[in-house]
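One structure, pasted below without further comment.
Counting starts at 1 for both ligands and their atoms, following the listed order.
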Amino acid sequence: MQRLDHKIALITGAGNGIGRGIALRFAQEGAVVGVLDVMPDGVNETVRQIRGADGKAHALICDLRDAEQVETTLAAFAKEAGTINVVVNNAAVMPTGRMHETSLENWDAVFDVNVRGAYLVNCAVIPGMLAIGQGSIIHMASVTGIRGLPGIAAYSATKGALIALTRAMSTDYARLGIRVNAVSPGTIDSPMLHNFLAAQQRPEVLRGMFDDMHPIGRVGTIEEVASVCVFLASDEASFVTGSNYEVDGGLSSKGEQPQD
Ligand SMILES: NC(=O)c1ccc[n+]([C@@H]2O[C@H](COP(=O)([O-])OP(=O)(O)OC[C@H]3O[C@@H](n4cnc5c(N)ncnc54)[C@H](O)[C@@H]3O)[C@@H](O)[C@H]2O)c1
């Protein structure tokens with residue numbers, strides 16, 4: 001018996017980074033995994049890795065900004081695999097900039113994927129979860145939804161929105177068998193971090209600063225985020241709903257350092 005046997009799990013943004021790590025781990029734990037991403041190459045690579053390890057994966061190439069695509073893609077996945085009973089709303093984009101430097105186009109773009117995308121997915125899967133009386137929805141938020149960090153105002157607003165949505169939805173569905181939780185990673189050693197660092201002037205210095213920023217003394221790993229998602233998706237978390245799991249090496253709990 002594995003921890004995610006009988007789970008039909010949809011992971012968005014599973015063509016790269018943390019989403020791919022969650023998809024691989026869920027498949028190892030016995031779930032049938034819907035690998036959803038807008039990047040076909042990323043989807044195919046994740047599916048290839050899962051099948052290579054004898055896991056069960058479905059390739060779902062879909063743009064979360066397109067309501068019709070989301071509905072038809074998820075309906076087709078449920079028809080093939082069975083009622084979706086686990087969702088990880090993980091896909092995101094991260095434009096940078098302070099508030100007055102964020103164009104309306106970027107503001108709309110980040111909300112379209114990070115919040116409206118989760119809305120579309122949730123609306124597509126909840127009727128099926130209600131019909132079977134069980135489900136686990138996980139929103140991938142961020143420490144930036146809890147604490148202020150410079151230069152990513154719009155992205156941070158979407159992550160705060162997902163944490164609020166988690167709490168609101170958990171109260172709506174708690175008695176109907178659907179649990180809703182959030183996961184808020186600190187900085188994670190991932191392609192997103194590598195791309196960000198590569199665009200900076202002194203990446204190795206900045207990387208050291210990221211490590212030091214976390215009380216635990218290092219950034220996190222994709223596997224450490226995936227482990228918490230496995231728990232929340234599994235029946236081991238049957239009394240856990242409306243929570244926000246900070247997978248951040250203590251970052252969101254950190255107070256100001258005393259000045260010399
Ligand atoms: N990497 C970190 O340090 C970190 C820290 C905190 C939170 N997070 C969160 O974790 C999640 C995953 O981050 P990551 O580092 O793996 O990012 P990533 O950019 O590597 O992966 C995000 C995925 O989402 C997909 N995506 C983007 N727009 C889409 C759309 N319209 N439709 C479908 N798919 C779309 C991308 O193609 C990509 O594969 C995000 O929600 C991110 O905000 C990451």
Heavy-atom distances under 4.0 Å are what count here, so tell me which part of A14 touches ligand 1: side chain, backbone, both or neither.
-> neither
At their closest point, which heavy atom of H58 faces which heavy atom of R51, and how far apart are they?
-> CA-NH2, 4.3 Å
Does ligand 1 have any atom that is closer than 4.0 Å to a heavy atom of K159?
-> yes
Determine, considering heavy atoms only, which of M94, M140, H139, R116 sits nearest to atom 9 (C) of ligand 1.
-> M140
Does ligand 1 have an atom under 4.0 Å from some heavy atom of L193?
-> no
Proximal ligand 1 atoms for D63, defined as those under 4.0 Å from one of its heavy atoms | 30 (C), 31 (N), 32 (N)
Just distances here: any N/O of T187 and N/O of ligand 1 closer than 3.5 Å?
-> no
Contact partition for A141 relative to ligand 1, non-hydrogen atoms under 4.0 Å | backbone
The protein heavy atom nearest to atom 6 (C) of ligand 1 is P185 O, 3.4 Å
Checking L176, V87, I178 against I126 for side chain to side chain contact (heavy atoms under 4.5 Å, CB included), the one that qualifies is I178
If you measure from atom 14 (P) of ligand 1 to every heavy atom of N90, D41, N16, I18, which option wins on shortest distance?
-> I18
Does G117 come within less than 4.0 angstrom of ligand 1, counting non-hydrogen atoms of the residue?
-> no
Sub-3.5 Å donor-acceptor pair from the side chain of N90 to the main-chain atoms of G13, do we have one?
-> yes
Nearest non-hydrogen protein atom, atom 26 (N) of ligand 1 = A91 CB, 4.0 Å
Atom 3 (O) of ligand 1: of D189, I188, V183, V38, the nearest heavy atom sits on I188
Can Y173 and L130 be said to form a side chain to side chain contact (heavy atoms under 4.5 Å, CB included), step by step?
-> CA-CA 9 Å; Y173 299 112; L130 290 173; 4.2 Å; yes
Ionic contact status for R147 with E246, cut-off 4.0 Å = no
For ligand 1, which atoms have a heavy atom of S142 less than 4.0 angstrom away?
-> 6 (C), 7 (C)
Judged by atom type as modelled, is there a donor-acceptor pair below 3.5 Å linking the side chain of K159 to the main-chain atoms of M140?
-> yes
For atom 42 (C) of ligand 1, grab the closest protein heavy atom and report residue, atom and distance to one decimal in Å.
-> Y155 OH, 3.4 Å
Looking at ligand 1, does any of its N/O atoms fall within less than 3.5 Å of an N/O of M192?
-> no
The closest protein heavy-atom partner of atom 22 (C) of ligand 1 is A92 O, 3.9 Å
Side chain proximity check, E68 to D66, heavy atoms < 4.5 angstrom = yes
Protein heavy-atom partner closest to atom 5 (C) of ligand 1 - residue, atom, separation in Å | G186 O, 3.1 Å
So which of L64, L60, I61, L36 gets nearest to atom 30 (C) of ligand 1, if we judge by its closest heavy atom?
-> L64
Sidechain N-carboxylate O distance under 4.0 Å for D108, R116 | no
Verify the cluster assignment for L24 and L4: are they in a single hydrophobic cluster under the rule of side-chain heavy atoms below 4.5 Å apart?
-> yes
If we only count heavy atoms from C-beta on, is the L36 to F77 side-chain gap below 4.5 Å?
-> no
Pairwise distance CD1(I138) to CG(N181) - rounded to 0.5 angstrom | 7.0 Å
Answer yes or no: is there an ion pair linking R48 with E45, defined by an N-O contact shorter than 4.0 Å?
-> yes
Say you draw a straight line from CG of N89 to OG1 of T12; how long is it, rounded to the nearest 0.5 Å?
-> 5.0 Å
At under 4.0 Å between heavy atoms, which part of S190 makes contact with ligand 1: side chain, backbone, both or neither?
-> side chain
Is the closest heavy atom of G220 to ligand 1 under 4.0 Å?
-> no
Of the protein's non-hydrogen atoms, which lies at the shortest distance from atom 25 (C) of ligand 1, and what is that distance?
-> D37 OD2, 3.4 Å
With a 4.0 Å cut-off on heavy atoms, does V113 reach ligand 1?
-> yes
Side chain of E223, backbone of G21: donor and acceptor closer than 3.5 Å?
-> no
For G17, the ligand 1 atoms with a heavy-atom partner under 4.0 Å come out as 16 (O)
Would you mind finding which of C62, G13, G19, G42 brings a heavy atom closest to atom 33 (C) of ligand 1?
-> C62
